[in-house]
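Values in this document were obtained by computation on a predicted structure and should not be read as measured data. The analysis underlying the following values was restricted to heavy atoms, covering all of them including side chains, and did not include hydrogens, waters or symmetry mates.
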Amino acid sequence: MSKLPKVGEVVQLFGIGCEGCGHFRGQFEVCRVVDQEGEVFLVVDPQDIQCEGPVEKKAFTQLTIAWNRDLESWQTDCGEHQVAVHIAGHYHGPTREAA
């Protein structure tokens, strides 16, 4: 299992959405970390964002990024679609353990 970021820490995120969303990268401050009862998510506040595609910087407010255990990836919702998110560094979320 990798370590989750701590509240107040600034992390680099890379988001890859669909054609309608485009993708983004930027620095986000961690506002909240939840890791309990199989539910893992972060709430992050944008600091500096670069967007490519139709998504605009002003569309970003606090993001909730949840760990999808089945897909073993971070995801957020862009309104109509899910966006795969990578957290730079060693934050790869909890992994399944062999039985």
Reported OG1-to-CG distance for the pair Thr76 and Leu63, which is rounded to 0.5 angstrom: 4.5 Å
Trp74 and Leu42, any side-chain heavy atoms less than 4.5 Å apart: yes
Glu39 side, atom CD; Arg69 side, atom CZ - distance, nearest 0.5 Å: 11.0 Å
In one Ile/Leu/Val/Met/Phe/Trp/Tyr side-chain cluster, 4.5 Å: Val34, Val30: no
Atom pair CG (Asp48) and CD (Gln12), whose distance is rounded to the nearest 0.5 Å: 8.0 Å
Crowding at CD, Glu37 (>12 non-hydrogen neighbours, <6.0 Å): no
Which atom of Gly8 lies closest to which atom of Glu29, heavy atoms considered: CA-OE2, 3.8 Å
Step-by-step side-chain contact (heavy atoms from CB on, under 4.5 Å) determination, Trp67 to Glu72: CA-CA 7 Å; Trp67 178 252; Glu72 293 192 354; 3.9 Å; yes
In one Ile/Leu/Val/Met/Phe/Trp/Tyr side-chain cluster, 4.5 Å: Val83, Val43: no
Closest non-hydrogen atom pair between Gln27 and Val10, with its separation: CB-CG1, 3.8 Å
Separation between CD of Gln50 and CZ of Phe24, rounded to the nearest 0.5 Å: 11.0 Å
Reported CZ-to-CD1 distance for the pair Phe41 and Ile65, which is rounded to 0.5 angstrom: 11.5 Å
Closest non-hydrogen atom pair between Pro5 and Val33, with its separation: O-CG2, 3.2 Å
Smallest separation among heavy atoms of Leu71 and Gln75, with atom names: CD1-NE2, 3.5 Å
Whichever hydrophobic residues join Phe14 through chains of side-chain contacts under 4.5 Å: none
Partners passing salt bridge (charged side-chain N to carboxylate O under 4.0 Å, His left out) against Arg32 (at least two apart in sequence or in another chain): none
